[in-house]
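Only one structure is covered here, and it is reproduced in the block below.
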Amino acid sequence: MTTRILPVNATSPEPENIREAAEILTAGGLVAFPTETVYGLGADALLPEAATAIYAAKGRPSDNPLIIHIAEFSALDRIVREIPPQARALAEAFWPGPLTMVFNKSAAVPLATTGGLDTVAVRMPSHPVALALIREAGGYIAAPSANTSGRPSPTLAAHVAEDLSGRIPLILDGGPVGIGIESTIIDLSTLQEAEGDTLSVPMILRPGYITREMLTQVIGTVCDDPGFSGKDPQTRPKAPGMKYRHYAPKAQLTLVDGEATAVISRINALTAQSCADGKRVGVICTTETAPAYDAHVVRVLGSRSDEAAITQQLYALLRDFDALDVDLIYAETFFELRLGSAIMNRLLKAAGYRVISTKKE
Ligand code: TXA
Ligand code: MG
């Protein structure tokens with residue numbers, strides 16, 4: 001199969017391009033398209049064979065459920081069993097946008113789409129191309145990130161082509177995405193009507209651009225899934241996809257945590273040692289610290305004060321390292337940023353949770 005890359009206007013998509021993509025989707029085919037978070041690999045969410053085609057193209061384990069993308073709030077009625085009031089409040093605040101909510105699913109949603117679960121994850125993206133495509137294709141597009149399983153999510157159409165060329169007929173190229181990391185996922189499926197039983201607290205299954213603080217402001221207490229930190233290998237994450245190795249570059253990545261000066265000197269010492277061992281070393285750092293490093297490849301995510309740049313560049317930079325000839329990569333950490341939990345969730349996974357602390361115990 002040849003893969004066509006079709007440029008599309010990101011703010012006001014050409015109707016004929018959207019129609020061409022929608023025809024592929026309604027016939028059960030796959031189309032990659034931009035969202036504000038990352039590029040998605042879309043299929044008609046209500047056709048079981050379409051979901052199966054997504055798993056095949058991505059090489060994704062079929063127990064890993066897909067997010068259904070909708071363009072109007074009223075579209076929820078057909079795919080979920082009940083809409084808790086918290087969902088209305090969150091939608092009001094954050095939809096369209098980078099928030100995915102998990103509900104109990106209705107019978108209209110095939111088990112192939114939800115990886116066999118009785119719950120369904122739903123998101124209303126804000127990207128004009130995504131919204132136009134969803135509307136034109138019947139209202140329900142299942143879309144995981146458009147990477148092959150295990151690679152960083154694509155933030156450019158070229159990343160999608162790198163991973164999926166020859167496997168899908170069409171990529172809508174709307175240019176670079178804005179946010180660069182995947183949506184926040186919150187589980188609302190455990191909320192029940194109060195009937196004397198204890199109400200459970202909504203749980204964040206994947207951290208993202210919408211932070212815990214932002215969610216708490218709208219619906220009160222929200223907790224983090226203890227499984228997504230990866231700190232305790234015994235605690236399994238609730239989102240099936242969070243257990244898989246992800247985002248990892250080919251070279252071994254190690255994170256170095258602590259005060260800036262201590263981090264710089266530790267990374268330089270590790271680099272010197274690795275060079276003495278005949279290894280080629282890469283460093284991932286910030287504009288402020290880059291001049292202090294002396295490694296074969298030094299790559300900058302952006303200024304530490306510009307977290308939008310850091311999330312936007314993260315996956316492209318991890319991908320770029322695969323084309324560079326390095327054996328080891330050392331990276332700074334970003335725990336203290338507002339989006340620190342989301343950024344570090346991805347970096348920790350990419351590093352297989354290898355972290356060196358320069359802090360005194
Ligand atoms: O920003 C995003 O969310 C992007 C764009 C394309 O919308 N999509 C995305 O999809 O990141 P994907 O498939 O790469 O990640 C979906 C995550 C997986 O970790 C999956 O296990 C989890 O959502 N998930 C999906 N349905 C779920 C459910 N019913 N219960 C718990 N977790 C679920
Ligand atoms: Mg993904």
Side-chain angles (χ1 to χ4, degrees), residues 30-43 45 51 54-55 57-71 79-81 94-106 109-127 129-131 133-134 141-155 159-160 163-164 172 174 177-190 202-210 225 227-228 236-248 311 315 342 345-346 349-350:
L30 305 181
V31 174
F33 63 98
T35 82
E36 72 280 22
T37 56
V38 298
Y39 273 77
L41 176 60
I54 288 183
Y55 291 119
K58 274 185 66 103
R60 174 173 174 135
S62 61
D63 70 340
N64 191 357
L66 306 173
I67 295 173
I68 299 188
H69 296 67
I70 58 174
I79 55 173
V80 313
R81 245 189 7 234
F94 303 118
W95 275 4
L99 178 69
T100 296
M101 300 191 238
V102 176
F103 300 90
N104 292 303
K105 81 172 194 70
S106 76
V109 181
L111 287 168
T113 301
T114 65
L117 298 177
D118 289 330
T119 54
V120 62
V122 188
R123 172 161 116 77
M124 188 193 294
S126 64
H127 198 294
V129 172
L131 288 171
L133 185 61
I134 296 163
I141 299 185
S145 49
N147 49 287
T148 38
S149 208
R151 294 210 76 200
S153 298
T155 53
H159 297 156
V160 181
D163 284 12
L164 298 176
L172 291 178
V177 300
I179 293 177
I181 56 173
E182 306 86 342
S183 61
T184 305
I185 304 180
I186 185 167
D187 187 0
L188 303 178
S189 70
T190 54
M203 187 185 273
I204 298 177
L205 306 186
R206 178 173 72 184
Y209 185 81
I210 307 290
D225 176 2
F228 75 57
R236 295 218 128 210
K238 275 196 73 191
M242 297 292 280
K243 69 176 180 280
Y244 295 107
R245 203 177 110 96
H246 236 130
Y247 321 125
T311 55
Y315 288 148
N345 171 258
R346 276 60 171 193
K349 275 193 178 189

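Counting starts at 1 for both ligands and their atoms, following the listed order. We number each residue from 1, following the sequence as shown.
Using a 4.0 Å cut-off to heavy atoms of Leu117, the atoms of ligand 1 that qualify are 28 (C), 29 (N), 30 (N). For ligand 1, the atoms sitting less than 4.0 Å from at least one non-hydrogen atom of Ala121 are 25 (C), 26 (N), 27 (C), 29 (N), numbered in the order shown with element in parentheses. Near Glu182, the atoms of ligand 1 lying under 4.0 angstrom from a non-hydrogen atom of the residue are 1 (O), 2 (C), 11 (O).
Between Asn147 and Lys58, the closest side-chain pair of non-hydrogen atoms falls below 4.5 Å. No side-chain heavy atom of Phe94 sits under 4.5 Å from any side-chain heavy atom of Met101. Taking the side chain as every heavy atom from C-beta outward, Trp95 and Ile70 approach each other to under 4.5 Å. Side-chain atoms of Thr37 and Pro125, non-hydrogen and from C-beta on, never get closer than 4.5 Å to each other. Proximity of Leu164 to Thr148: side-chain heavy atoms (C-beta onward) are separated by under 4.5 Å at one or more points. When side chains are defined from C-beta on, Met124 counts as touching Leu131, because their heavy atoms get closer than 4.5 Å. Residues Val177 and Thr35 have side chains not in contact (no heavy-atom distance under 4.5 Å, counting atoms from C-beta outward).
Ionic pairing of Asp225 and Lys238 is not present here: no N-O contact between side-chain nitrogen and carboxylate oxygen is shorter than 4.0 angstrom. Remark: Arg123 engages Glu36 in a salt bridge, criterion side-chain N to carboxylate O under 4.0 Å.
Look at Asn147 and the Mg ion (ligand 2): no N/O/S atom of the residue is under 2.8 Å from the metal.
Of the protein's non-hydrogen atoms, His69 NE2, 2.6 Å is the one closest to atom 7 (O) of ligand 1. Nearest to atom 29 (N) of ligand 1 among the protein's heavy atoms is Thr119 OG1, 3.0 Å. Of all protein heavy atoms, the one closest to atom 19 (O) of ligand 1 is Gly241 CA, 3.2 Å. The protein heavy atom nearest to atom 31 (C) of ligand 1 is Leu205 CD1, 3.7 Å.
Residue contact annotation: Thr114 has no non-hydrogen atom under 4.0 Å from ligand 1. At a 4.0 Å cut-off, at least one heavy atom of Arg60 sits close enough to ligand 1 to count as contact. At least one heavy atom of Ala143 sits closer than 4.0 Å to an atom of ligand 1.
The shortest N or O to N or O distance between Ser183 and ligand 1 is under 3.5 Å. Backbone and side-chain nitrogen or oxygen atoms of Arg123 are examined, and one is located within less than 3.5 angstrom of a nitrogen or oxygen of ligand 1. Considering backbone and side-chain N/O atoms, Thr37 comes within less than 3.5 Å of an N/O atom of ligand 1.
The backbone N or O of Ser189 sits less than 3.5 Å from a side-chain atom of Asn104, completing a donor-acceptor pair.
In Asp187, neither the side chain nor the backbone holds a heavy atom less than 4.0 Å from any atom of ligand 1. Under 4.0 Å from ligand 1, the heavy atoms of Asn64 that appear belong solely to its side chain.
A donor and an acceptor atom, one from each side chain of Arg206 and Thr100, are nowhere located under 3.5 Å apart.
Evaluated by nearest non-hydrogen atom to atom 32 (N) of ligand 1, the leading choice among Ala239, Ser149, Pro98, Pro144 is Ala239. The heavy atom nearest to atom 26 (N) of ligand 1, out of those in Pro65, Pro154, Ser153, is found in Pro65. Looking at His127, Met124, Arg206, it is Arg206 that brings a heavy atom closest to atom 11 (O) of ligand 1.
In this structure, OG1 in Thr155 is found 11.5 Å from CD1 in Ile181, a value given to the nearest 0.5 Å.
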